[in-house]
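For reference, the structure discussed in these notes is given below.
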Amino acid sequence: MGRGSYALARVAVVVRAPAGWLWWPGLLSAGTGVLVPGITGRRIGVFAGAALFLIVAGAVFAVRRPRYAALARGASRAGRSVFLQDRAVTLRNWRRARRWWLLLAFLAAVGSTFLIPAAAGMALAGAGAGLWAKALWLGGLERRSGSLLWVRTEWAQASPAAEPVRGYLSTGLAAGDAAPGGGRRRAGRVPAGAAVSEAR
């Protein structure tokens with residue numbers, strides 16, 4: 001995995017990062033679509049949107065899960081010299097790098113309401129739901145193994161399960177500022193520095 005100091009981001013946080021930015025704009029776009037009859041009519045658009053929501057959510061949840069599981073099983077213990085990136089920093093970096101794509105996806109979903117009302121917006125929301133479910137699934141892996149999963153930030157530019165990712169690193173459950181699954185850690189957490197020290 002390499003020696004020396006380098007930054008690590010939580011795998012579940014990276015997976016979870018786009019979920020809200022797909023879910024809420026998707027619902028907003030779908031709601032706007034309900035107000036517009038469109039070419040197909042509202043009824044067809046809403047039924048098509050519901051089907052797309054389920055299909056996209058299921059596909060996003062399922063994609064690359066075997067690779068995530070394999071990387072999790074092969075995770076090695078993180079060294080003392082690594083830097084654990086804060087949850088807020090990971091979220092901000094991911095969204096900043098992709099903000100224009102997210103905006104274009106939202107505008108495309110809104111524009112499509114004149115053809116098939118609500119359908120594209122529900123597909124966006126489905127993608128967000130699928131990613132949120134995948135983050136919760138990763139949280140289950142972390143709880144069962146008793147360790148949090150991390151990935152080097154330079155390896156996970158596209159996805160924490162992309163081909164450039166050579167492996168995950170692990171720490172104890174108390175390390176960092178995000179709970180298993182990538183959500184905010186509740187009050188009473190162990191400070192990051194102390195947690196990292198005791199997790200090796």
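Values in this document were obtained by computation on a predicted structure and should not be read as measured data.
F106 places a side-chain heavy atom less than 4.5 Å from the side chain of V110. Residues V165 and L71 form a side-chain contact, since some pair of their non-hydrogen atoms from C-beta on lies under 4.5 Å apart. V15 places a side-chain heavy atom less than 4.5 Å from the side chain of P160. With a 4.5 Å cut-off on side-chain heavy atoms, R87 and R16 count as touching. Residues L8 and F83 are not in side-chain contact: their nearest non-hydrogen atoms beyond the backbone lie 4.5 Å or more apart. At a threshold of 4.5 Å between non-hydrogen side-chain atoms, the residues R77 and S147 count as touching. At least one side-chain heavy atom of T153 sits less than 4.5 Å from a side-chain heavy atom of Q85.
For W23 against A125, the heavy-atom pair with the smallest separation is CE3-O, 3.4 Å. Shown here for S112 and A120, the closest heavy-atom pair between the two residues is OG-CB, 3.1 Å. What you find for G126 and V56 is that their closest heavy atoms are C-CG1, 4.0 Å.
Rounding to the nearest 0.5 Å places CG of L169 at 4.5 Å from OG of S76. To the nearest 0.5 Å, the span separating CG on L148 from CZ on R10 amounts to 4.5 Å. If you take CG on L138 and OH on Y68, they are separated by 6.5 Å, rounding to the nearest 0.5 Å. Taking CH2 of W94 as the start and CH2 of W21 as the end, the distance is 10.0 Å to the nearest 0.5 Å. In this structure, CG in L22 is found 6.0 Å from CG in L102, a value given to the nearest 0.5 Å. Distance check: M122 CE to L54 CG gives 8.0 Å after rounding to the nearest 0.5 Å.
Within the cation-pi definition used here (under 6.0 Å to the ring centroid, within 45° of the axis), R152 qualifies as a partner of W155.
Judged by distance alone, the side chains of W150 and T171 do bring a donor and an acceptor atom under 3.5 Å apart.
With D177 contributing its side chain and D86 its backbone, the two residues share no donor-acceptor pair below 3.5 Å. R95 places no side-chain N or O within 3.5 Å of a backbone atom of T90 that could act as its donor or acceptor partner. The closest donor-acceptor contact from the side chain of K134 to the backbone of A62 lies at 3.5 Å or more, if one exists at all.
Ring orientation note: the planes of F61 and W137 are nearly perpendicular, at an angle over 60° on the 30°/60° scale.
Residues satisfying the side-chain hydrogen bond (donor to acceptor under 3.5 Å, both in side chains) test with E163, not counting sequence neighbours, are none. Taking the side-chain hydrogen bond (donor to acceptor under 3.5 Å, both in side chains) definition, one finds that S159 meets it with R64, sequence neighbours left out.
For R184, the CZ atom counts as loosely surrounded, since its 6.0 Å shell holds 12 or fewer non-hydrogen atoms of other residues, nucleotides or ligands.
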